[in-house]
Amino acid sequence: MSTPAAVKRACDACHRRKVKCDGINPCRNCSTAQLSCTYHAIPQKKGPKGSRAKVISELRETQRHHSSLSSKTANRLNGVHSPPCSPNLAPTPGLLTPDIIKECVDFFFTNMYPNMPILHRGRLDQQAIYADHNPESYTLLTSLCAFMFIQPNMPMVGVTPSNDPFGLDSMPGANIMSGTLLLEETMRVRKSYDHLESPSLSSLVTSFFLFGCYYGLDLHNKAWFQLREATTLAHILGMHKEETYVQWDTIEASRRRRLYWLLFATER
DNA sequence: TTATTCGGAAATTAAAAACA
DNA sequence: GTTTTTAATTTCCGAATAAT
């Protein structure tokens with residue numbers, strides 16, 4: 001008779017593989033599978049959020065007197081159905097490869113970070129692990145990569161995995177094309193979640209990178225719109241109030257402070 | 001056969017509501 | 001204040017699938 005007893009924390013690999021983790025480092029699964037056993041993922045907050053999470057009350061409300069309008073109401077948060085709904089806002093599979101992420105993140109930290117020290121390398125890598133199923137992390141990465149591709153001194157990176165049959169790697173302007181592609185991907189996937197009503201810092205940074213993209217592409221009106229959005233999100237997040245910073249650890253707090261400062265330096 | 005993947009059941013956790 | 005209810009998030013079982 002063994003005690004099953006769920007471990008309090010599964011490692012990153014076991015979490016992805018959905019297998020039982022023994023919680024030690026390195027864990028048994030990682031050892032046998034020759035994987036490096038890490039515990040980088042940041043656990044999400046559990047439990048209801050907002051003023052009594054409203055799904056069930058909405059459901060009850062709509063069932064009570066199911067009028068023609070109630071079906072419309074039911075479609076609100078059940079985003080997975082209804083014919084005219086969601087014209088595919090899911091991430092494009094295979095577009096944002098680990099190679100591209102690595103290349104762009106490296107480029108950011110060597111060339112852009114001195115001027116905009118608004119990301120933390122370790123924390124960004126953690127976010128990248130779950131980008132597949134977290135649209136906020138995904139759009140942060142696509143906007144970052146788009147921004148990097150649009151930089152004039154960015155070296156050529158193949159968007160297609162390895163051997164490019166169209167010779168894009170050697171074509172001038174290919175990086176701008178890739179950047180524009182990723183920019184469009186960001187805008188599209190961003191529609192799949194509400195980044196304004198309960199914004200995260202990732203949303204804010206995404207807006208800032210979008211500003212950078214549009215500015216680099218000489219689309220100035222769109223650029224200022226994104227910058228304005230980023231500034232507004234900063235206010236919604238209370239970044240102008242010192243007391244909001246105490247809830248963050250040193251790394252996160254200084255990152256937020258620098259981001260806030262950069263926003264206003266950029267707005268001039 | 002064994003190894004891997006992944007849908008989803010069960011457990012865990014924390015916020016909101018109800019209660020004293 | 002304490003307890004109960006509710007829901008978001010987690011772990012990981014076990015069936016399906018892939019690899020050998």
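Below, read A as the first sequence line, B as the second, and so on, with proteins coming before strands; counting in each chain starts at 1.
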Interatomic distance, [X] [atom1] vs [N] [atom2] [rounded to whole Å]:
X	N	atom1	atom2	result
A:Lys46	B:dT13	NZ	C1'	5 Å
A:Lys8	B:dA11	NZ	C1'	15 Å
A:Asn29	C:dT11	CG	C1'	13 Å
A:Arg28	C:dC12	CZ	P	14 Å
A:Gln34	B:dT4	CD	C1'	16 Å
A:Asp12	C:dT10	CG	P	12 Å
A:Lys18	B:dG8	NZ	P	9 Å
A:Gln44	B:dT12	CD	P	20 Å

### Query
Taking only N and O in the side chain of A:Lys45, is any of them less than 4.0 Å away from OP1 or OP2 of B:dA15?
yes
### Message
Check this one for me: any side-chain N or O of A:His15 less than 4.0 Å away from OP1 or OP2 of C:dT10?
### Response
no
### Query
Looking at side-chain heavy atoms only, is the closest gap between A:Glu184 and A:Thr142 below 4.5 Å?
no
### Query
A:Met148 versus A:Glu103: any side-chain heavy-atom pair under 4.5 Å?
no
### Message
With hydrogens left out and only the distance checked, is there a donor-acceptor pair under 3.5 Å joining A:Lys20's side chain and the base of C:dG14?
### Response
no
### Message
Taking pairing as Watson-Crick or G-U wobble with both contacts under 3.5 Å, can you name the mate of C:dT20, or confirm there isn't one?
### Response
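The base-pairing partner of C:dT20, which may sit in any strand shown, does not exist here.
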### Message
What's A:Cys14 touching, base or sugar-phosphate or nothing? Going by heavy atoms closer than 4.0 Å.
### Response
nothing
### Query
Would A:Tyr260 and A:His240 count as a close aromatic pair, with their ring centres under 6.0 Å?
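Not under 6.0 Å, so no.
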### Message
Taking the ring of A:Tyr214 and the ring of A:Trp224, is the distance between their centroids below 6.0 Å?
### Response
no
### Message
Let me spell it out: for each of A:Gly47 and A:Ala33, pick the nucleotide of DNA chain B with the closest heavy atom. Which residue's pick is nearer the 5' end?
### Response
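That would be A:Ala33.
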### Query
Got a salt bridge between A:Arg17 and A:Asp12, using NZ or NE/NH1/NH2 to carboxylate O under 4.0 Å?
no
